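This report refers to the structure that appears directly beneath it.
Keep in mind that what you see is a predicted model, and the values were worked out from it rather than measured. The residues of the chain are indexed from 1 along the displayed sequence.
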Amino acid sequence: MPTSSTRSSEADRPRLGLAVQYAINVRGLPSRVQIRRWARAALERDARVTVRIVGNGEARALNRHFRGRDYATNVLTFIMRKRPRLEGDLALCAPVIAREARAQGKSATAHYAHLVVHGLLHLQGYDHVSERAARVMERREAGVVTRLGYPDPYGSGREERGERRNEKSGAKSGRLASRLTPLALLAHG
């Protein structure tokens, strides 16, 4: 039974409206429960978020259309509304995430957790465009990810992050989809 202190701390937590879409059917995808846990851990304010797990083709089309880059990337963040409640979408590319996790010697689950946290931070205005902003974002990211029980995603290789930062996905303002419109309709339109 919850105590009065847990009830008040629950009431103080930001509210999350979350929709999870699976556009690809492969092994090892995170569950809705896992994605909710990761997103809530990174959330600093009320938000409504759609997380869509996609394949290479859809990720590449989204990246090309919204960022002008013709390749599939690990995570794309789309901010639809900043006020009064934050609304946005994350597109996670399953094949890229699996490949990166293997190359980095980490579990796919740990990499998904990191990228959900990364995307949620972008939704909330964090970025890694400047060195200072990157340090702030990466400290926040590492703190959330390690509290979730996963290794620091930047580990001891922080000196290499400048190169990686330029390759990571960025936040892009613009409407990708609403909770009522499947991303696939806009991704291939």
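Here OH of Tyr22 is found 4.0 Å from CD1 of Ile35. Values are rounded to the nearest 0.5 Å. To the nearest 0.5 Å, atom CD of residue Glu100 and atom CG of residue Asn74 are 4.5 Å apart. The CG atom of Leu120 sits 11.5 Å away from the CG atom of Leu115 when rounded to the nearest 0.5 Å. Taking CZ from Arg48 and CZ from Arg85, the interatomic distance works out to 5.0 Å, rounded to the nearest 0.5 Å. Between atom OH of residue Tyr150 and atom OH of residue Tyr112 there is a gap of 12.5 Å, rounded to the nearest 0.5 Å. The structure places CG of Asp89 at 8.0 Å from CG of Leu123, a figure rounded to the nearest 0.5 Å.
For Arg64, the side-chain hydrogen bond (donor to acceptor under 3.5 Å, both in side chains) criterion is met by Asp70, not counting sequence neighbours. Every residue was checked against the side-chain hydrogen bond (donor to acceptor under 3.5 Å, both in side chains) condition with Arg15, not counting sequence neighbours, and none meets it. Looking at residues two or more places apart in sequence or on another chain, you find a side-chain contact (heavy atoms from CB on, under 4.5 Å) between Arg147 and Arg140, Val144. Remark: Arg36 pairs with no residue by the side-chain hydrogen bond (donor to acceptor under 3.5 Å, both in side chains) rule, at least two apart or across chains. Under the rule for a side-chain contact (heavy atoms from CB on, under 4.5 Å), the partners of Ala98 that lie at least two apart in sequence or sit in another chain are Arg102. Partners of Arg37 by side-chain hydrogen bond (donor to acceptor under 3.5 Å, both in side chains), not counting sequence neighbours: none found.
Between the side chains of Tyr126 and Glu44, a donor-acceptor pair is found at a separation under 3.5 Å. Checking Arg67 against Asn63 by side-chain atom types alone, a donor-acceptor pair falls below 3.5 Å.
Looking at Gln124, its side chain does come within 3.5 Å of a backbone N or O of Ala42 through a donor-acceptor pair. A donor-acceptor pair under 3.5 Å is absent between the side-chain atoms of Glu141 and the main chain of Val117, judged by distance alone. Side chain of Gln34 to main chain of Ser31: a donor-acceptor pair is present (N/O by atom type, distance under 3.5 Å, no hydrogens or angles).
Annotation: side chain of Asp152 is not in contact with side chain of Val145 (no heavy-atom distance under 4.5 Å). Annotation: side chain of Val54 is not in contact with side chain of Leu92 (no heavy-atom distance under 4.5 Å). Considering only heavy atoms from C-beta on, His114 comes within 4.5 Å of Tyr154 through its side chain. No side-chain heavy atom of Leu90 sits under 4.5 Å from any side-chain heavy atom of Thr50.
Aromatic pair His128/His118: centroids less than 6.0 angstrom apart. Aromatic rings from His122 and Phe78 are positioned such that their centres are separated by 6.0 Å or more.
Listed here is the closest heavy atom pair of Ala94 and Leu29: CB-CD2, 3.7 Å. When every heavy atom of Ala47 is checked against every heavy atom of Leu43, the shortest pair comes out as CB-CD1, 3.7 Å. Minimum interatomic distance between Ala72 and Ala59 (heavy atoms only, all atoms of both residues): CB-CB, 3.9 Å. The two residues Leu62 and Ala91 make their nearest non-hydrogen contact at CD1-CB, 3.9 Å. Listed here is the closest heavy atom pair of Ala39 and Val116: N-CG1, 3.9 Å. Minimum interatomic distance between Lys82 and Ile79 (heavy atoms only, all atoms of both residues): CG-CG2, 3.8 Å.
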*asked:* Cys93 vs Asn56, test: side-chain contact (heavy atoms from CB on, under 4.5 Å). Steps then yes/no.
replied: CA-CA 6 Å; Cys93 183; Asn56 281 319; 3.6 Å; yes
*With side-chain contact (heavy atoms from CB on, under 4.5 Å) as the test, would you mind laying out the steps for Leu86 and Asp46 before giving the verdict?*
CA-CA 6 Å; Leu86 182 64; Asp46 293 351; over 6 Å; no
*Begin from the C-alpha positions of Val51 and Leu18 and carry the test side-chain contact (heavy atoms from CB on, under 4.5 Å) through to its verdict.*
CA-CA 8 Å; Val51 175; Leu18 178 69; 3.8 Å; yes
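Residue Val20 is grouped with residue Leu16 when hydrophobic side chains (ILVMFWY) are merged at heavy-atom distances under 4.5 angstrom, including chains of intermediate members. Under a hydrophobic clustering in which Ile, Leu, Val, Met, Phe, Trp and Tyr are joined whenever their side-chain heavy atoms come within less than 4.5 Å, directly or via other members, Leu76 and Phe66 fall into the same cluster.
Under the 4.0 Å criterion applied to side-chain N and carboxylate O atoms, Glu58 and Arg52 are assigned as salt-bridge partners.
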